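None of these values were measured; they are calculated from a predicted model.
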Amino acid sequence: MAGRVRKHSASFFENVYDVVRLVPHGRVTSYGSIAEYIGLRGSARMVGWAMNGSHTRLTDVPAHRVVNRNGLLTGKHHFGTPNMMQQLLENEGIEVVNDKIVRFNELFWNPLKELQI
DNA sequence: TTGCTGACCGACG
DNA sequence: CCGTCGGCCAGCA
């Protein structure tokens, strides 16, 4: 089908970074929510993979504000030190216990809800 | 081109 | 509650 619309992934990284940049200070979101927002529901792993590339990119992406659906800091090992992600979060007033965000339900920032156009 | 991998998620037993 | 499995799709050897 020549007329089929392609979901150009050329800007896949930018789409992810753009959403992550919009996460407010002191709030957090999840990989799955970002994936769903950019139209790739079920591809949460792609978001995490994009985060991995955010380090080499010169973009200011608050990757520490992205956790998994349980509020668990699953990406902590991809920061400089194992505690870096937690420190960045605590620096924003977010409490973390056992690699899990306290009051995750209250701090959760859902792009689908907050950025509804 | 094929086959693996992955900072996830939901379903199932 | 816990482990396992399939789906998701962009890179890479």
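A/V23 and A/F12 fall within a single hydrophobic cluster, where Ile, Leu, Val, Met, Phe, Trp and Tyr side chains are chained together by heavy-atom contacts under 4.5 Å. Cluster membership check: A/L107 does not share its hydrophobic cluster with A/L115, using side-chain heavy-atom separations under 4.5 Å among Ile, Leu, Val, Met, Phe, Trp and Tyr.
As a whole-Å value, the separation of A/I38 CD1 from C/dA10 C1' is 12 Å. Regarding A/R41, its CZ atom lies at a distance of 18 Å from the P atom of B/dC8, rounded to whole Å. Atom P of nucleotide B/dA7 and atom CG of A/L89 are separated by 18 Å, given to the nearest angstrom.
Summarising the local packing, CG of A/D60 is surrounded by 12 or fewer heavy atoms from other residues, nucleotides or ligands at distances under 6.0 Å. Around NE2 of A/H55, the count of heavy atoms belonging to other residues, nucleotides or ligands within 6.0 Å exceeds 12. A 6.0 Å sphere centred on CZ of A/R41 holds no more than 12 heavy atoms belonging to other residues, nucleotides or ligands.
A heavy atom closer than 4.0 Å to some atom of DNA chain B occurs in no member of residues 94-108 of chain A. Listed by residue number, A/R45, A/M46, A/W49 are the residues of residues 44-51 of chain A with a heavy-atom contact under 4.0 Å to DNA chain C. Against DNA chain B, the stretch residues 60-68 of chain A makes heavy-atom approaches under 4.0 Å through A/A63, A/N68.
Side chain of A/R27 to main chain of A/F108: a donor-acceptor pair is present (N/O by atom type, distance under 3.5 Å, no hydrogens or angles). A/Y17 places a side-chain N or O within donor-acceptor distance of the main-chain N or O of A/S54, the cut-off being under 3.5 Å. At least one donor-acceptor pair under 3.5 Å links the side chain of A/T29 to the backbone N or O of A/W109.
For the P atoms, the distance linking C/dC5 with B/dC4 amounts to 16 Å, nearest Å. Using atom P as the reference point in both C/dC8 and B/dC12, the two lie 16 Å apart (nearest Å).
With A/Y37 as the partner, the side-chain contact (heavy atoms from CB on, under 4.5 Å) test is satisfied by one option alone out of A/V19, A/L22, A/N110: A/V19.
The side-chain heavy atoms of A/R65 and A/V20, taken from C-beta on, include no pair separated by under 4.5 Å.
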